Each structure stands twice: as structure tokens, then as C-alpha cells.
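First up is the structure itself, then whatever we jot down about it.
The residues of the chain are indexed from 1 along the displayed sequence. Source: prediction; values computed, not measured.
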Amino acid sequence: MFGGGAPVLVLNQNTKRESGRKVQLGNVAAAKTIADVIRTCLGPRSMLKMLMDPMGGIVMTNDGNAILREITVQHPAAKSMIEISRTQDEEVGDGTTSVIILAGEMMAVAEPFLEQQMHPTVIISAYKQAMEDMVQMMKEKCSKPVDVTNRDEMMKIIQSCVGTKFISKWGDLACKIAYEAVSTVSLEEHGRKEIDIKRYAKVEKIPGGTIEDSKVLTGVMLNKDITHQRMRRRIENPRIMLLDCSLEYKKGESQTNLEITKEEDFTKILQLEEEYIQRVCAEIIAFKPDLIFTEKGISDLAQHYLVKANITAIRRVRKSDNNRIARACGATIANRTDELKEEDIGTGAGLFEIQKFGDEYFTFVTECKNPKACTILLRGASKDVLNEVERNLQDAMNTARNVMMEPFLVPGGGAVEMALSHLMAEKAKGITGVQQWPYRAVASALEVIPRTLIQNCGGNTIRTLTALRAKHSASGNTSWGIDGEKGVLADMEQLGVWDPYAVKAQTYKTAMETAMLLLRIDDIVSGTKKAGEREGAGAVAPTTGAD
């Protein structure tokens, strides 16, 4: 056809293309590999992973998202798996490990169908139906409402989240911290509930002391000291003023040149600068505040005026910290001193004091009357321990937030997975056509959660799982699952292990959707030409060395 000539090359020679079955099976293998990395991190008997980054720093954690964030992977499908644990973390904050394990398992059960030449779209449509049924069944058959105002109930829920983490040894303390922090920052206005943990519940880590010393402050803490040594370091019931302007002479935005002809002009210019600062300070002093926080600098002259008026000033506060102080003591942040009003001053705080931990000074604004922001003070042996405790607390606070936003619970410990697995296996019998098989496969894939829980505490997997299956086939046993500590069957209602419905629903949706997405891929072209490079001088395909 080409007169015996060379074949036509459509793609650049440096690109590498894989297509068809090979890609699909490769994606399944990649998803399984990522799931295997995380598998031992599920449940109360989970192991920790230790990761070293290129800079030589180490991360020790069993939080799925934190581990995968540190791993560099080559395979594109594995990258999208890592992405979903991040989505899970941002969306609901917990369940990052189980979402990866589930997605990996959903891919693994699709492998035999692909090998039998079943078309991916058939598998996907069965998966889609399974996902919708799953979420619906969970809401109707397995979930129960919860009273958010009941403190003991809430503690149990947070405890089941904390139980699988490093801080489970200090479980009660962790639950108390998470619950107090979330209750503090929850705010209802215009009939809308808002719980913004990220902005208003700040975790401050100070190495030293023991973990038992950690607490939630009824106010805010900053890593700052006073600007002048003669300022007061302890004030009771302070009047707090928050500023967003600098108490020093403004320099010109661009380079400014002044030509001075007479010597007096120079002194006049200096005098103008001093008068400006004096005016600004006079406007502040007129309101008789005890304490000033500003996001910008304070010049020596301004400090002098403030010390004379017996006002304590703290400079260069972060904007986020300033917002937290505003919410805690009821002050309003002023951008200009001439616009200050009496109601801008915050009187909600009971105590301002500066304490020294180690070599550094910390500012405390505490004993607030009705704080809507708080700081969680963490103490611990080393930085690594503190980082891990912080990650665990974030999960615990997110759990509390999820329950407050959507007050429904489902039994934990693999119970809800087993119940759904049983219900879906029953429903599969009524599905006609070839879609019945992938639908059944999803039902069996859900068993990966209880199975992993048994494996992680060294139980007899097959025997225990069979016993659990038998338990669920009898009606009314939907709350039976695996006791993650001992690896035996237990009733989750008596153990008090509950998961928020929002987390579970998100986990299933994310895992299923990722599996559907990855099964749709049938072609991978790598090493595409970078823009601006000459034709033929393209970069070598990144995956060529990975074969």
C-alpha cells in the first residue's frame, strides 16, 4: 500500500502509547498497589508508616491522606487514586484510608470481568446502579438519628474516630478537645449553620510538656511578645482594639526623591512624620484601650506614646489570628485610626497575659465570655508526635462537625459494610442480564473493610468473616461487626462504635466514582510534546523507564 515504504508515524517518536486491555489491567494493578500501601493503616490496631522526604524530614502517620501526599508515583491511575484521598480529607476530613482501600477493591473485582472481555461500560452501569442503591439502603436500613446536644452521645462518636488513631491512648482527652473546639466555633446566623474549623479553631503546637497538658483555650493564643519592655504583661478585663494599619510613617509606594534646598526643610519633614504618628496615637489613646493588636509595624515613637498612656501593643499579627481575636472578644478590625468607634473595641475577653514556654513568649487572650473562635494548645514530646496528634485531632473535629451538620449515624467496625453487602447480594438476584455479576462483585467488594480489620489485628480471617456473614444473613443483626481490638465479632451498639453517615456516604461515592472513572480509560499516551519545544526534540517519555 505504501509501496513497501516505512509505516506512517502519526505520533511523535518520543511518545509512548498503550491502549486497550493492557491499560485497563494496568490501571487495576496500580489501584491495587496503592490500596496495599494503605491497607495496614485501617482500624484501631493500625500500623504507622514512616516516610522520609527529599529534605531529610520525616513524617510518621497512619492517616491515609498524609501518607499518600508524601509518596511520588509514576503511574497516572495511581495519581488519581491519591487525589481521591485528598478530596475525602477536604470534604469530610475522615475516612481517607477506607476510601482508598474500597476504591482499590472495586477495581480488583472488575478485573475478572475485563479478562472475560466484558465491556467496561456494562461494568460501569452496574457500578452506578450499585452506588445509588448503596447510599439509599444505608440511609433507610442502617442509619439512626442522633441528638447533637447530648454530650455523651457525641463523645462516643468522636471516640470511635479517635480509637483508630495514634492518640487513642489519650482518647477521652482528645474527644473532649475536639468536642469543645467544634462547639465553640459553631455559629448559627440567618438560619444557616456554619462550623468553620479551618479558620477559627487553630492548633498551636509547642514541643515540651506532656500530651495531658493539651487543652482548648476559651480564647486565642499567639506566638508573639510585647513590643516594649515596659508594657504590661498581664491585664484583666482588657479593652482590646484591633488594627489593620501601621503605626509608623508611611513610605512612598514607589521610589520617591525629595530635593531639599534649605536645612530647615529637612527638620520640617521629620517633624511632619512625627506629627503624623502623634496624631494617630492620639486617636487611639482617646478610646482608652488597654491592648492593641496590629497587623503592621509599630515605630519606636509610637511605642513611646503608647507606653506613656499605659497601653500594651502587639505588632505584626497574622490576618487569620486577628480575625480569630475579633471573633473571640467581639472587637471589629479597624483599617484606619480616624474611623474608630466605641463599638469597635472588644470587651469580651477576661484576661490577657504573656507566658513563656521554653525560649519563646506566647500571648494569651483567654476567659472570653462567648468566644466564637478558639485555639487548641498541644503539648508533646517531639515535633513528630505533635504533628501526628494534630492530624488526628483534625479528623476528630471533622467527625464532630459532620455529625452536627448531618445528625445521622451508621454502625462502625465493618458492620454497615457487611449489612449493605448482604442487602445488595439479595437485590442482585432480581437483576436480569449480564449486569447482575458486576453488581454482585460490588457487594462482595464491600467485605474488604471487615476483612482488613480482622487481618490488622491478626485474627483468623476466613473463619471470622464467615461467622459475620452468617450473623448478617439472619435478620435484625445489622449492627454486628468486628471488634478491631480483638478481631472477634461484636455488636457495635454495645461497643458504642458509630460512624457519621456523611463520612460513609462520601466514602462510597468517592470510591465508586473513581473506580468508574479508571475503568473508562482505554488509552494512555505519555511523553506528549511540551509547548515551545522543537518538533522531534521532545522530552523522553516519562514512563519508558518504568516498564
Side-chain angles (χ1 to χ4, degrees), residues 40-41 43-53 55-67 69-70 89 93-94 96-97 155 158-185 197-225 318 320-321 324 353-366 371 373-401 485:
T40 51
C41 297
R45 289 262 183 233
S46 58
M47 299 292 181
L48 290 179
K49 303 275 185 220
M50 191 173 192
L51 304 156
M52 287 195 70
D53 60 15
M55 306 298 289
I58 54 170
V59 179
M60 284 187 289
T61 178
N62 68 346
D63 177 48
N65 180 41
I67 295 167
R69 222 178 25 218
E70 298 294 330
D89 196 53
D94 195 16
T96 47
T97 314
M155 283 301 190
I158 303 171
Q159 178 65 50
S160 77
C161 166
V162 169
T164 66
K165 308 270 189 283
F166 173 75
I167 42 171
S168 54
K169 298 181 188 62
W170 302 275
D172 297 342
L173 173 75
C175 293
K176 197 166 118 269
I177 289 178
Y179 182 69
E180 279 176 20
V182 174
S183 322
T184 305
V185 299
I197 304 171
K198 204 169 180 181
R199 276 203 208 132
Y200 299 115
K202 177 82 166 35
V203 177
E204 285 282 357
K205 307 181 289 256
I206 307 177
T210 59
I211 292 187
E212 283 85 3
D213 300 341
S214 307
K215 56 180 182 286
V216 175
L217 304 171
T218 50
V220 185
M221 180 190 100
L222 319 169
N223 186 351
K224 294 276 174 209
D225 192 11
R318 281 203 215 97
S320 54
D321 286 337
R324 267 192 288 280
E353 63 176 339
I354 289 185
Q355 292 181 8
K356 189 176 182 193
F357 289 119
D359 299 343
E360 297 187 50
Y361 289 96
F362 291 89
T363 302
F364 288 85
V365 179
T366 49
C374 64
T375 300
I376 300 165
L377 177 60
L378 289 187
R379 306 299 309 272
S382 70
K383 270 214 178 89
D384 295 323
V385 171
L386 283 175
N387 286 338
E388 180 60 2
V389 171
E390 182 193 10
R391 274 191 291 269
N392 298 166
L393 266 182
Q394 290 290 358
D395 281 9
M397 289 195 298
N398 278 316
T399 303
R401 188 194 73 184
E485 292 284 346

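Atom CZ of Arg324 and atom OG1 of Thr375 lie 6.0 Å apart (nearest 0.5 Å). Rounded to the nearest 0.5 angstrom, Lys215 NZ and Cys374 SG are separated by 13.0 Å. Interatomic distance, Ile376 CD1 to Ile177 CD1, rounded to the nearest 0.5 Å: 7.0 Å. Considering CD1 of Ile67 and OG1 of Thr96, their distance stands at 8.0 Å, rounded to 0.5 Å. To the nearest 0.5 Å, atom CG of residue Asp395 and atom CD of residue Glu390 are 11.0 Å apart. If you take CG on Asp225 and CD1 on Ile354, they are separated by 4.5 Å, rounding to the nearest 0.5 Å.
Nearest heavy atoms, Ala174 versus Leu393: O-CD2, 3.9 Å. Contact record, Met60 with Arg391: O-NH2, 3.3 Å, taken as the closest heavy-atom pair. Contact between Glu388 and Leu48 at its shortest, heavy atoms only, is OE2-CD2, 4.0 Å. Annotation for Cys41 and Met47: closest pair SG-O, 3.7 Å, computed over non-hydrogen atoms. Scanning all heavy atoms of the two residues, the minimum distance from Glu180 to Val216 falls at OE1-CB, 3.7 Å.
The backbone N or O of Thr210 sits nowhere less than 3.5 Å from a side-chain atom of Arg379 that would complete a donor-acceptor pair.
Residues Val203 and Gln394 have side chains in contact (heavy-atom distance under 4.5 Å, counting atoms from C-beta outward). Residues Met221 and Ile206 form a side-chain contact, since some pair of their non-hydrogen atoms from C-beta on lies under 4.5 Å apart. Residues Val59 and Asn387 fail the side-chain proximity criterion, which asks for heavy atoms closer than 4.5 Å. You'll find the side chain of Asn398 reaches within 4.5 Å of the side chain of Arg401, heavy atoms only. Residues Ile211 and Leu386 form no side-chain contact, since every pair of their non-hydrogen atoms from C-beta on lies 4.5 Å or further apart. Using a 4.5 Å cut-off on side-chain heavy atoms (C-beta onward), Leu217 and Glu204 make no contact. Two residues are said to be in side-chain contact when any heavy atoms from C-beta on lie closer than 4.5 Å; Lys49 and Thr40 meet this criterion.
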Which donor-acceptor pairs under 3.5 Å do side chains of residues 357-364 form with protein atoms, sequence neighbours excluded?
residue : atom : partner : partner atom : Å
Glu360  : OE1  : Asn223  : ND2          : 3.0
Thr363  : OG1  : Lys224  : O            : 2.7

